[in-house]
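Here the structure comes first, spelled out in structure tokens, and everything after it is commentary.
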Amino acid sequence: MPAQLDTTIIESWHRNSDPWIAAIRNGEIESRTLVTNAAIVETVRAYAPASAVDLGCGEGWLIRALPEVQMMGVDAIPTLVEQAQAAGGGTFRCLSYEQIADGALQLSADLAVCNFSLIGKEAVEGLLRAAPSYLRCGGHLVVQTVHPVLACGDAAYVDGWREGSWAGFNSGFQDAPPWYFRTLSSWIALFENNGLRIRELREPLHPHTGKPASLILVGQLPD
């Protein structure tokens, strides 16, 4: 069943790629426009990579926001990859996390970034295990995700699958995908169990609520 839920996520994104492109390009997601977009750009720039790969790049906005970095974008959804290619700013490939875990990417980038793109379980675990296949020795993995304390809501603070929701998004979205909730300690363990030493944690604050809008983790492969 868990692997089936990872597949359900991809199926949902096939159906929701067009409204997602509109939401990103029209600035419809307040937390992104106010906080998290700038937070991930700032974090990547802090490590001054010459080359980077955006895993789960969507329509490619982050690649266009980092013109000084030689970047590749990878996504499993053909429509998103096509739109990213049309907008330019880097090179793009259509690959699933499972394909990357099997060695299909074969890069030696200075940095890999996953911006709100790690919402499954087995597929995510495989992607992190494969880090040496797309990062150079000493390279960094930067992940921005929902902040576990806030995202937990009223549910128990334990790892597990949760129902998805498009609440707050435009009416074009349908069939929200499930997502796998991880506690803060589980995120750290996910990095360290796959040979990525935690270098830094950031908790960008929402300017209106004063609460964390996200969690950013930076891990590093051994030299």
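We number each residue from 1, following the sequence as shown. Only heavy atoms go into these numbers, but all of them, side chains included; no hydrogens, no water, no symmetry mates.
A heavy-atom distance below 4.5 Å is found between the side chains of Phe92 and Ile63. Phe191 has its side chain out of reach of Val218: every pair of non-hydrogen atoms, C-beta onward, lies at least 4.5 Å apart. Counting only heavy atoms from C-beta outward, the side chains of Asp6 and Trp161 approach each other to under 4.5 Å. By the 4.5 Å heavy-atom criterion applied to side chains, Leu5 and Lys121 are not counted as neighbours. Tyr134 has its side chain within reach of Leu55: a pair of non-hydrogen atoms, C-beta onward, lies under 4.5 Å apart. Thr79 has its side chain out of reach of Trp20: every pair of non-hydrogen atoms, C-beta onward, lies at least 4.5 Å apart. Ile24 is not listed as a side-chain neighbour of Ile21, based on a closest heavy-atom distance of 4.5 Å or more. Side-chain atoms of His147 and Ser214, non-hydrogen and from C-beta on, never get closer than 4.5 Å to each other.
The heavy-atom pair separating Trp166 from Pro177 by the smallest distance is CZ2-CD, 3.6 Å. Pairing each heavy atom of Leu196 with each of Gly219, the nearest pair is CD2-C, 4.2 Å. In plain terms, the two heavy atoms of Asn115 and Trp61 that are nearest each other are ND2-CZ2, 3.7 Å. Of all heavy-atom pairs between Pro49 and Leu111, the closest is CB-CB, 3.8 Å. Across all their heavy atoms, Ser17 and His14 have their closest contact at OG-O, 3.5 Å. Closest non-hydrogen pair, Gly120 versus Tyr180, comes out as O-CB, 3.5 Å.
Within the 3.5 Å criterion, the main-chain N or O of Ala130 finds a donor-acceptor partner in the side chain of Ser133. Remark: side-chain polar atoms of Asp110 are paired, donor with acceptor, to backbone N or O of Ala50 under 3.5 angstrom. When atom types are taken as modelled, the side chain of Asp75 and the backbone of Gly58 share a donor-acceptor pair closer than 3.5 angstrom. Without hydrogens or angle criteria, Glu192 side chain to Ala189 main chain gives no donor-acceptor distance under 3.5 Å. Using modelled atom types, no side-chain atom of Asp54 and backbone atom of Leu62 make a donor-acceptor pair closer than 3.5 Å.
Interatomic distance, Cys114 SG to Leu141 CG, rounded to the nearest 0.5 Å: 5.0 Å. Within the model, atoms OH of Tyr97 and CG of Leu105 stand 11.5 Å from one another, a figure rounded to the nearest 0.5 Å. A distance of 5.0 Å separates CG in Leu184 from OH in Tyr157, rounded to the nearest 0.5 Å. Taken from CZ in Arg182 to CG in Leu215, the straight-line distance is 12.5 Å, to the nearest 0.5 Å. Taking OG1 of Thr43 as the reference point, atom CD1 of Ile216 lies at 3.5 Å (rounded to 0.5 Å). Glu11 CD to Thr8 OG1: the interatomic distance, rounded to the nearest 0.5 Å, is 5.0 Å.
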- request: Could you check Leu66 against Val44 for side chain to side chain contact (heavy atoms under 4.5 Å, CB included), going step by step and ending with a plain yes or no?
  value: CA-CA 9 Å; Leu66 292 162; Val44 170; 3.8 Å; yes
- Query: Can you check side chain to side chain contact (heavy atoms under 4.5 Å, CB included) on Gln174 and Asn16, steps first, answer last?
  - Reply: CA-CA 7 Å; Gln174 57 181 316; Asn16 289 290; 3.8 Å; yes
**OP:** With side chain to side chain contact (heavy atoms under 4.5 Å, CB included) as the test, would you mind laying out the steps for Thr91 and Gln85 before giving the verdict?
**Re:** CA-CA 7 Å; Thr91 59; Gln85 285 175 329; over 6 Å; no
Side chain to side chain contact (heavy atoms under 4.5 Å, CB included) between Arg162 and Cys152, intermediate numbers included
CA-CA 9 Å; Arg162 307 281 174 93; Cys152 184; 4.2 Å; yes
Original post:
Would Arg129 and Glu122 satisfy salt bridge (charged side-chain N to carboxylate O under 4.0 Å, His left out), going step by step from the backbone distance to the final call?
Top reply: CA-CA 11 Å; Arg129 277 196 304 273; Glu122 277 83 359; over 6 Å; no
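Side-chain atoms of Arg202 and Gln144 include no donor-acceptor pair closer than 3.5 Å. Asp159 and Ser186 form a side-chain donor-acceptor contact under 3.5 Å, judged by distance and modelled atom types alone.
No single ILVMFWY cluster, assembled from side-chain heavy atoms under 4.5 Å apart, contains both Leu217 and Leu205.
The pair Glu59-Arg64 meets the salt-bridge criterion, since a charged nitrogen lies less than 4.0 angstrom from a carboxylate oxygen.
The aromatic rings of His140 and Tyr47 sit tilted relative to each other, their planes meeting at an angle between 30° and 60°.
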Would you give me the side-chain donor-acceptor pairs under 3.5 Å for residues 26-41, sequence neighbours excluded?
| unit_1 | atom_1 | unit_2 | atom_2 | d |
| --- | --- | --- | --- | --- |
| Asn26 | ND2 | Ala22 | O | 3.1 |
| Glu28 | OE1 | Asn170 | ND2 | 2.9 |
| Thr33 | OG1 | Glu30 | O | 3.0 |

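For Glu163, the CD atom is loosely surrounded, since the number of other residues' heavy atoms within 6.0 Å does not exceed 12.
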